[in-house]
Chemist: 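Below you'll find the structure I mean.
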Amino acid sequence: FAVGKTSPVVSWLRALAASEHERRGGPGVGAVGMCFTGGFALAMAVDDRMQAPVLSQPSMPMGISKKHKHSIDISPDDLEKVKHRCAAEGLQVLGLRFTSDSFVPDERFQFLREQLGDAFVAVELGDDDANPAAAMKPHSVLTEHLIDDPGSRTRETLDQVLDLFRTKLLVDT
């Protein structure tokens with residue numbers, strides 16, 4: 001819930017990603033952080049092996065103040081490393097959200113745009129893009145609110161995530 005801090009679990013996730021990359025090889029790893037873990041993929045991008053970070057409805061820190069809304073759960077040092085990778089290596093960070101989702105305020109994506117510039121690719125969906133059969137208000141872009149039909153905005157978003165993974169993580173054989 002703190003502003004300007006990377007979650008301690010990210011160190012473990014970085015180690016897991018490193019271990020799997022060593023075991024499987026390839027250009028690197030990708031991650032999709034969702035909701036409470038949304039910002040974890042960004043903080044994991046400190047490691048050069050992270051080639052495809054996806055922030056799906058990143059909701060931490062909770063938007064209880066302007067400062068909380070205009071931030072994400074990453075330390076300033078880690079954010080600087082990610083910014084450097086974006087500028088020097090062309091790292092791309094994909095962010096997904098429904099525009100009405102109060103857990104992911106507009107200010108959070110504005111913060112990411114300010115910090116990462118063109119390296120932050122925001123996919124912002126309207127309520128009418130969400131699966132109407134879902135039990136809650138639009139929030140979960142890739143799961144509960146996904147309409148898995150060709151041509152739906154949520155399916156196009158899922159395809160964009162999969163294309164990012166294919167482009168950054170698969171080796172031509």
Chemist: Using the rule given for ring-ring contact (aromatic ring centres under 6.0 Å, His included), can you reason through H139 versus F103, listing the C-alpha separation, both sets of side-chain angles and the distance that settles it, and then say yes or no?
Modeler: CA-CA 8 Å; H139 173 70; F103 291 115; 5.6 Å; yes
Chemist: Going by an N to O cut-off under 4.0 Å, is there a salt bridge joining K81 and D77?
Modeler: no
Chemist: Roughly how far apart are L91 CG and L116 CG, rounded to 0.5 Å?
Modeler: 8.5 Å
Chemist: Could you check whether any side-chain heavy atom of K137 comes within less than 4.5 Å of a side-chain heavy atom of D127, counting everything from C-beta outward?
Modeler: no
Chemist: Please confirm whether the backbone N or O of D163 pairs with a side-chain atom of T167, one donor and one acceptor, at under 3.5 Å?
Modeler: yes
Chemist: Please evaluate residues N131 and L146 with respect to the criterion side chain to side chain contact (heavy atoms under 4.5 Å, CB included), reporting the C-alpha separation (whole Å), side-chain torsions for both, the decisive distance (0.1 Å), and the verdict.
Modeler: CA-CA 6 Å; N131 186 338; L146 174 70; over 6 Å; no
Chemist: If you compare all heavy atoms of L169 against all heavy atoms of P27, which two are closest, and at what distance to 0.1 Å?
Modeler: O-CD, 3.2 Å
Chemist: Quick one, K83 with C86, criterion side chain to side chain contact (heavy atoms under 4.5 Å, CB included). Give me CA distance, side-chain angles, the key distance, then yes/no.
Modeler: CA-CA 5 Å; K83 288 166 63 171; C86 290; 5.6 Å; no
Chemist: Hey, any chance V29 and V9 share a hydrophobic cluster, counting ILVMFWY side chains that come within less than 4.5 Å of each other, even indirectly?
Modeler: yes
Chemist: For residues Q51 and G28, report the shortest heavy-atom separation together with the two atoms involved.
Modeler: CG-CA, 3.9 Å
Chemist: Can you tell whether the side chains of E124 and R113 come within less than 4.0 Å, N to carboxylate O?
Modeler: yes
Chemist: Would S56 and M34 count as a side chain to side chain contact (heavy atoms under 4.5 Å, CB included) here? Give the steps.
Modeler: CA-CA 5 Å; S56 190; M34 299 174 69; 4.0 Å; yes
Chemist: Is there side-chain contact between P132 and I147, with at least one heavy-atom pair below 4.5 Å?
Modeler: yes
Chemist: Return the OG to CE distance between S102 and M62, rounded to the nearest 0.5 Å.
Modeler: 7.5 Å
Chemist: Could you tell me which non-hydrogen atom of G4 sits nearest to which non-hydrogen atom of P76, and how far apart they are?
Modeler: O-CD, 3.4 Å
Chemist: Please examine the side chains of M136 and H145, heavy atoms only from C-beta on, and report whether any two atoms are closer than 4.5 Å.
Modeler: yes
Chemist: Using 0.5 Å steps for rounding, measure from the CZ atom of R108 to the CD atom of Q57.
Modeler: 12.0 Å
Chemist: Hey, quick one: are V82 and F109 part of the same hydrophobic cluster, counting side-chain heavy atoms closer than 4.5 Å, chains of contacts allowed?
Modeler: yes
Chemist: Among L96, I72, L94, find the one that has a side chain to side chain contact (heavy atoms under 4.5 Å, CB included) with L55.
Modeler: I72
Chemist: Minimum heavy-atom separation for A31 to M50, with atom names?
Modeler: CB-CE, 3.5 Å
Chemist: Consider only side-chain heavy atoms of I, L, V, M, F, W and Y, link residues closer than 4.5 Å, and tell whether L162 and V141 are in one cluster.
Modeler: yes
Chemist: Please report the interatomic distance NZ(K66) to OG(S71), rounded to the nearest 0.5 Å.
Modeler: 14.0 Å
Chemist: Looking only at the side chains, is there a donor atom on one of D73 and S7 sitting less than 3.5 Å from an acceptor on the other?
Modeler: no
Chemist: From L79 CG over to F111 CZ, what is the distance, rounded to the nearest 0.5 angstrom?
Modeler: 5.0 Å
Chemist: Output yes when R155 and D149 qualify as a salt bridge under the 4.0 Å nitrogen-oxygen rule, no when they do not.
Modeler: no
Chemist: Classify the side-chain pair H70/E114 by whether it contains a donor and acceptor separated by less than 3.5 Å.
Modeler: yes
Chemist: Without swapping roles, check the side chain of R97 against the backbone of V104 for a donor-acceptor pair under 3.5 Å.
Modeler: yes
Chemist: Around atom CG of D118, are there more than 12 heavy atoms of other residues, nucleotides or ligands at under 6.0 Å?
Modeler: no
Chemist: Pick out which of V10, T6, V32 makes a side chain to side chain contact (heavy atoms under 4.5 Å, CB included) with F40.
Modeler: V10
Chemist: Between G126 and T99, which heavy-atom pair has the shortest distance, and what is it?
Modeler: CA-OG1, 4.2 Å
Chemist: Looking at K5, is its backbone amide N or carbonyl O close enough to the side chain of S75 to form a donor-acceptor pair, meaning the two atoms are under 3.5 Å apart?
Modeler: no
Chemist: Report the distance from atom CG of D129 to atom OG1 of T157, rounding to the nearest 0.5 Å.
Modeler: 7.5 Å
Chemist: Please report the shortest heavy-atom distance between L164 and P53, naming the atom on each side.
Modeler: CD2-O, 4.4 Å
Chemist: Could you walk me through whether D159 and V161 pass the side chain to side chain contact (heavy atoms under 4.5 Å, CB included) check?
Modeler: CA-CA 5 Å; D159 289 341; V161 170; over 6 Å; no
Chemist: Hey, does V121 have a side-chain heavy atom less than 4.5 Å from the side chain of V93?
Modeler: no
Chemist: Same cluster or not: M44 versus I74, using hydrophobic residues (I, L, V, M, F, W, Y) connected whenever any side-chain heavy atoms lie under 4.5 Å apart?
Modeler: no
Chemist: With the 4.5 Å side-chain cut-off for hydrophobic clustering, are F120 and L42 part of the same group?
Modeler: yes
Chemist: So among D48, D78, D47, which one has a salt bridge (charged side-chain N to carboxylate O under 4.0 Å, His left out) with R85?
Modeler: D48
